[in-house]
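Report on the following structure.
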Amino acid sequence: MAAWIIFVIGLLSVWQVGCKREEKYDDYSLIKLYPTNSKQVDAIRRLDEPEHKLKFLKRSRSYNDSTDILVPPSEINYVQDFIKTENLEYEVKPNYGRYLESAERVPKRRILRGFSIFEYHSFQAIQEYLENVAKRHPDLVTLQNLGTSYQGRRMKLVKISSDPNANNPIIFIDAGIHAREWVAPAMALYLVHRLVNDPEARQELDGVDWYILPVVNPDGYEYTRTSRSNRLWRKTRSKNNLGCFGVDGNRNYGFKWAVSGVSSNPCDTETYAGPKPFSEVETVMVRNVMMENRNRLKLYVSLHSYGQYLVYPWGYTGDFLPKEWKKLDSLARTVSDAVQRAGGKPFKVLSAGKWYPAAGGSDDFAYGVIGVPYSYTMELTDGYEFLYPERLLRVVLPQFFEGFRAFGAQIKKEFSPELNDHRYRITEMDIS
Ligand code: 0X9
Ligand code: ZN
C-alpha cells in the first residue's frame, strides 16, 4: 500500500513537472511594452528575471520597438503595477492561446494540391520537396546527408552550384534552429525555389555556391506542429537527466560559450545553453558544414524570427565590436535597402550584443572560430510574433529574396575567382 502511495505521488509530481511546461497559454496575455527613455529600458531589463515567470518573446533594442512578453494570470497584477509605476506605453492581447491554433498545421487540405512554396509544411513534406528538386535539377542541386537529429530525422544540406569544381565562394544559410520560428524555414525553402527555378536568379549562381539547411531543429519544429500547447516551443528535444527537454541551439555553439544571456537550468524553456558546447547533434552538424568548407565560406546567415533585425557579431557582448565591424554593418545596410526597395520593411542593423548580449550563437561561432568574413542573424518579419500568417508569405518572401540577391552580389564582387580572374586578365592586358 505504502509503495503504491509513493508510486502515485511520484507519478503526480512527474505529471506536474510535465504539465507546468505544457502551458496552453489560453489565459495568458501578450503585453507589448514600448519604452521611450533609458530609465524605462533599464526597468524592463530588470523584469527579465526568472522569478517573474514571464515569457519574453522579443526584446527591444531601445526605443521605437516593443519588448513582447507573455504574462500568466498569476503575474498580470504585478505587470500592470509595473507599467503604471514606470509610466510605460503598452498594448495588450488577452487570451493569447487562441491565436496558437493554426489551420496551417493541418495537412489534410493540402494533400491533393501538391506543394506550395508559400505555405508552412511538415518536415517530411519539406524533405520530399527537396528530393524532388534535386531529382529535377541534377545539374544544379545535390543533397548531402548530414546525419540524423536527436529523434532520428534525416538532415540534408542542399548544395546549389552551377559549377561545383570552380572553387567558388560559398554562402551558407541555415534556418529553424528555433522550433517556433516557422517563417525562417519557409524563407530558406523559398531561396532554394528561386535559385533553382527562376532563370533571372541564375545570375546569383554564377561564381557563388549556395548551401542551404532549411530546418536545423526538425524535432522541435515537428513538436510545434503537434498541438496548441507546443506551438511556442523553442529548443531542441533532447532529454536531460532532470527529465526536462531541450537545449537552446543558439546558445550551444562553442565560442565564448555561456558567458552571457543564457540559462544554466535544463528545465528553462528558453535559453538553456546545454551541459557543454555542442551537446546537441544538430549544432554539431552545422559546425561540421562550416568546418568542412571553412576556406570557401564567405557568408553565413542564420534565419530566425521575429522583429526585422539584421545583426552581426559580436553577440556575446555589447561592450565592443569586431575590428571589421564597418564591413559587416555596411553590407547589412545594403541588404536592408534592397529589401526596402522591393516594398519590404527595412531591418534594424546593429551588432547582436548591442541588441541584447547572448553567447553561444552560431553567428559568433562562424565569425570568431571559422573565420567567415560576413556572418549574420536575420530576424524575419515584424508583427504577428511567431505566428506569421501563411497568407502573407507570398508578399514578404520575394521581398527578402532581394536582400539575398544583394548578399550574393557582394560575395561575388569580393571573392568570386571567375570575376577576379577576369579582372586579372584585364590588368595584364592593360600592362602589355
Ligand atoms: O536570441 C537569439 O538566439 C536570437 N533571437 S531570437 O528571437 N530568434 O531567439 C538572436 C541571436 C543573435 N546572435 C547572438 N546573440 N549571438
Ligand atoms: Zn530564433
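For ligands, and for the atoms within them, numbers begin at 1 and follow the listed sequence.
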What residue among R231, K93, K58 forms salt bridge (Lys or Arg N to Asp or Glu O under 4.0 Å) with E385? K93
Distance under 6.0 Å and angle within 45° of ring axis: R237 vs Y150: no
Would you say Y356 and ligand 1 have an N/O pair spaced under 3.5 Å apart? yes
Describe, in one word, how the ring planes of F400 and F347 are oriented to each other, choosing from parallel (under 30°), tilted (30 to 60°) and perpendicular (over 60°). tilted
ring-ring contact (aromatic ring centres under 6.0 Å, His included): which pairs involve residues 71-95, sequence neighbours left out? H52-Y78
What class does the angle between the rings of F115 and Y129 fall in, given that below 30° is parallel, 30 to 60° is tilted and above 60° is perpendicular? parallel
State whether F278 and R287 meet the cation-pi test: NZ (Lys) or CZ (Arg) under 6.0 Å from the six-membered ring centroid, and within 45° of the perpendicular axis. yes
Anything under 30° is parallel, anything over 60° is perpendicular, the rest tilted; go ahead and classify Y384 against Y388. perpendicular
Is any N or O atom of W355, backbone or side chain, closer than 3.5 Å to an N or O atom of ligand 1? no
Measure distances from the Zn ion (ligand 2) and count the protein N, O or S atoms below 2.8 Å. 4
Is the H193 ring parallel, tilted or perpendicular to the Y190 ring (thresholds 30°, 60°)? tilted
Does an N or O anywhere in R234 fall below 3.5 Å from an N or O of ligand 1? yes
Top protein contact for atom 11 (C) of ligand 1, by heavy-atom distance: N250 ND2, 3.5 Å
Which option out of D364, D363, I177 puts a heavy atom nearest to atom 16 (N) of ligand 1? D363
Is there at least one pair of N or O atoms, one from A358 and one from ligand 1, spaced under 3.5 Å apart? yes
Picking from L195, D198, I171, what satisfies side chain to side chain contact (heavy atoms under 4.5 Å, CB included) with E204? L195
Should W314 and Y367 be marked as a ring pair (Phe, Tyr, Trp, His ring centres under 6.0 Å) after you check the CA-CA gap, both sets of side-chain angles, and the distance that decides it? CA-CA 9 Å; W314 300 118; Y367 192 80; 5.4 Å; yes
Against D209, only a single residue in K159, R296, K412 fulfils salt bridge (Lys or Arg N to Asp or Glu O under 4.0 Å); can you say which? R296
Proximal atoms of ligand 1 relative to E379 (non-hydrogen, under 4.0 Å): 4 (C), 5 (N), 6 (S), 7 (O), 8 (N), 10 (C)
Does R251 approach ligand 1 within less than 4.0 angstrom via side chain, backbone, both or neither, non-hydrogen atoms only? side chain
When you measure from the heavy atoms of S305 to every atom of ligand 1, does any distance fall below 4.0 Å? yes
Using a strict 4.0 Å cut-off to heavy atoms of H304, name the atoms of ligand 1 that fall inside it. 8 (N)
Just heavy atoms, cut-off under 4.0 Å: does A352 contact ligand 1 by side chain, backbone, both, or neither? side chain
How about Y253 and D363: does a side-chain donor come under 3.5 Å of a side-chain acceptor? no
E181 heavy atoms, cut-off 4.0 Å: which ligand 1 atoms fall inside? 6 (S), 8 (N), 9 (O)
Per-residue contact class, P313 against ligand 1 - non-hydrogen pairs under 4.0 Å: neither
